[in-house]
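Data block below; observations after.
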Amino acid sequence: MAQNSKPADAVTPRLGKPLKRSFFNRSVHEVAPDLIGATLLVDGVGGIITEVEAYHHLDPAAHSFRGPTPRNRVMFGPPGFAYVYRSYGIHWCVNFVSEAEGSASAVLIRALQPTHGLPAMRRRRGLQDERALCSGPGKLTEALGITIKHNELPLDVPPFALHARLGNADIAAGVRIGITKAVDLPWRYGLKGSRFLSKPF
DNA sequence: ATAGCGATGTGCT
DNA sequence: GCACATCGCTATA
C-alpha cells in the first residue's frame, strides 16, 4: 500500500467561485435550478447539490403563504440567509431565502452528492452507504450537522460556504415531493441521471 | 417493490 | 384537536 494513496472518499472535486449573497436576489425560479451542481459545505462538510424545490410566497404549499410566524420569519427578510425548520417534529430541513427582501420565497435543499467530509457524515448518520447519506432533506441536515442553530445565518459566511457549479448541468424538473397543496406545480429541480436523489425524476 | 406505521415540534382551526 | 416541505423500520409479495 503506497503511503500517499487515499480512499476514494477523500477525492475532492475542484470548487467553483464562492456564491455571494446577491446570487439569491433573483426569482426563486432562477435561483433553484442554478443551485443544481453547486457545492454546499457546512464547516467543510457537504457536497454537490443534486435536488431542490422552489417555494414562492404566493404558493399555498409555502410556509410563508399565510404570513410571518416565529418559525418562518427569516423568509420575510433579505435573501441569502438560511431558513431551518423542524419537519414532522423529528428532522431539520434547510432552505435558502431568495428573491427581494420581503418576498418570502425560498429554495428547499433536498439532496446532495457527498464529496467533502465523508467520515463525519457517516458518523452523524450512522450509515456507510454513500448514496443514503444525503438523499433527502432530513438526511442531509443530519449529515451536515445543520440544526436550528443555523437558522437565520448568512450563506456566504462560515460555517456556510457555497460554490457555483463548474460548467453546465443537465437539469430535470418535476412535481414536488411530500406536499399536499399545489401538488401539480413542477418546481422540483434535479441533476438529470444523478444517483444521489431522494427519488428519480 | 410497495405499504403501513411510529416518532413528535410548530402552526392552524 | 389535527395537519404536516420526513425517515427508517417492519411486514407482506
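Predicted model, so just to flag it, every value in this text is computed and none were measured. Here is how names work: the chains are called A, B, and so on, in the same order as the sequence lines, proteins then strands, and each is numbered from 1.
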Spacing of A:K199 atom NZ relative to B:dT2 atom P, expressed in whole Å:
11 Å

Using the salt bridge (Lys or Arg N to Asp or Glu O under 4.0 Å) definition, which of the options A:R125, A:R124, A:R123 pairs with A:E142?
A:R125

If I take atom CG in residue A:L127 and atom C1' in nucleotide C:dC9, what distance separates them, rounded to the nearest angstrom?
13 Å

Axial cation check for A:Y189 ring with A:R110, 6.0 Å and 45° limits
no

Can you give me the N/O atom pairs linking the protein to nucleotides 3-8 of chain B at distances under 3.5 Å, or say none if there are none?
residue : atom : partner : partner atom : Å
B:dT8   : O2   : A:Y88   : O            : 2.8

Does the gap between the ring centers of A:H63 and A:Y85 come in under 6.0 Å?
yes

For A:F24, is the NZ or CZ atom of A:R21 found under 6.0 angstrom from the centre of its six-membered ring and inside 45 degrees of the ring axis?
no

Just to confirm, is there a sub-4.0 Å distance from OP1 or OP2 of C:dG8 to any side-chain nitrogen or oxygen of A:K139?
yes

Measure from CG on A:L133 to P on C:dC7 and round the result to the nearest Å.
13 Å

OP1, OP2 of C:dA5 versus side-chain N and O of A:T180: anything below 4.0 Å?
yes

From CD of A:E51 over to C1' of C:dT6, roughly how many Å is that when rounded to an integer?
13 Å

What verdict does the ring pair (Phe, Tyr, Trp, His ring centres under 6.0 Å) test give for A:F81 and A:Y83, after you've listed the backbone C-alpha separation in whole Å, the side-chain angles of each residue and the deciding distance to 0.1 Å?
CA-CA 7 Å; A:F81 288 76; A:Y83 165 42; over 10 Å; no

Show the nearest heavy-atom pair for residues A:C93 and A:T141, with the distance to one decimal.
CA-CG2, 3.9 Å

Heavy atoms only, 4.0 Å cut-off, all strands: where does A:S198 land among base, sugar-phosphate and nothing?
nothing

Nearest-angstrom distance from the residue atom CG of A:D184 to P of C:dA5:
15 Å

Rounded to whole Å, the CG-P distance (A:N151 to B:dG9) equals 17 Å

Applying the 5.5 Å / 30° rule, does A:Y55 stack onto the base of C:dA5?
yes

Using a heavy-atom cut-off of under 4.0 Å over every strand shown, decide if A:R125 touches base, sugar-phosphate, or nothing.
sugar-phosphate

Taking the nucleotide of DNA chain C with the closest heavy atom to each, which residue, A:I179 or A:E142, is nearer the 5' end?
A:I179

Check whether any side-chain heavy atom of A:P60 sits under 4.5 Å from a side-chain heavy atom of A:F65, and report yes or no.
yes

In whole angstroms, the gap separating P of C:dC4 from CZ of A:F65 amounts to 14 Å

Tell me yes or no: between the side chains of A:E51 and A:S198, is some donor less than 3.5 Å from an acceptor?
yes

Sticking with atom C1', work out how far C:dG8 lies from B:dT10, rounded to a whole angstrom.
23 Å

So which atom in A:V175 and which in A:D184 form the shortest heavy-atom distance, rounded to 0.1 Å?
CG1-O, 3.7 Å

For A:I171 versus A:P33, what's the shortest heavy-atom pair and its separation?
CD1-O, 3.4 Å

Protein and nucleotides 11-13 of chain B: nitrogen or oxygen contacts under 3.5 angstrom:
residue : atom : partner : partner atom : Å
B:dG11  : OP1  : A:T69   : OG1          : 3.0
B:dG11  : OP1  : A:R71   : N            : 2.7

How are the rings of A:H150 and A:F160 set to each other: parallel, tilted or perpendicular (split at 30° and 60°)?
perpendicular

Looking only at heavy atoms, what is the nearest atom pair of A:Q113 and A:T50, with distance?
N-CG2, 3.7 Å

For atom CD1 of A:I177 and atom P of C:dC4, their distance in whole Å
17 Å

Output row for DNA chain B, stems defined as at least 3 consecutive Watson-Crick or G-U pairs under 3.5 Å, is B:1-7 with C:6-12, B:9-12 with C:1-4

Ignoring backbone atoms, establish whether A:R110 has a side-chain N or O less than 4.0 Å from OP1 or OP2 of C:dT6.
yes

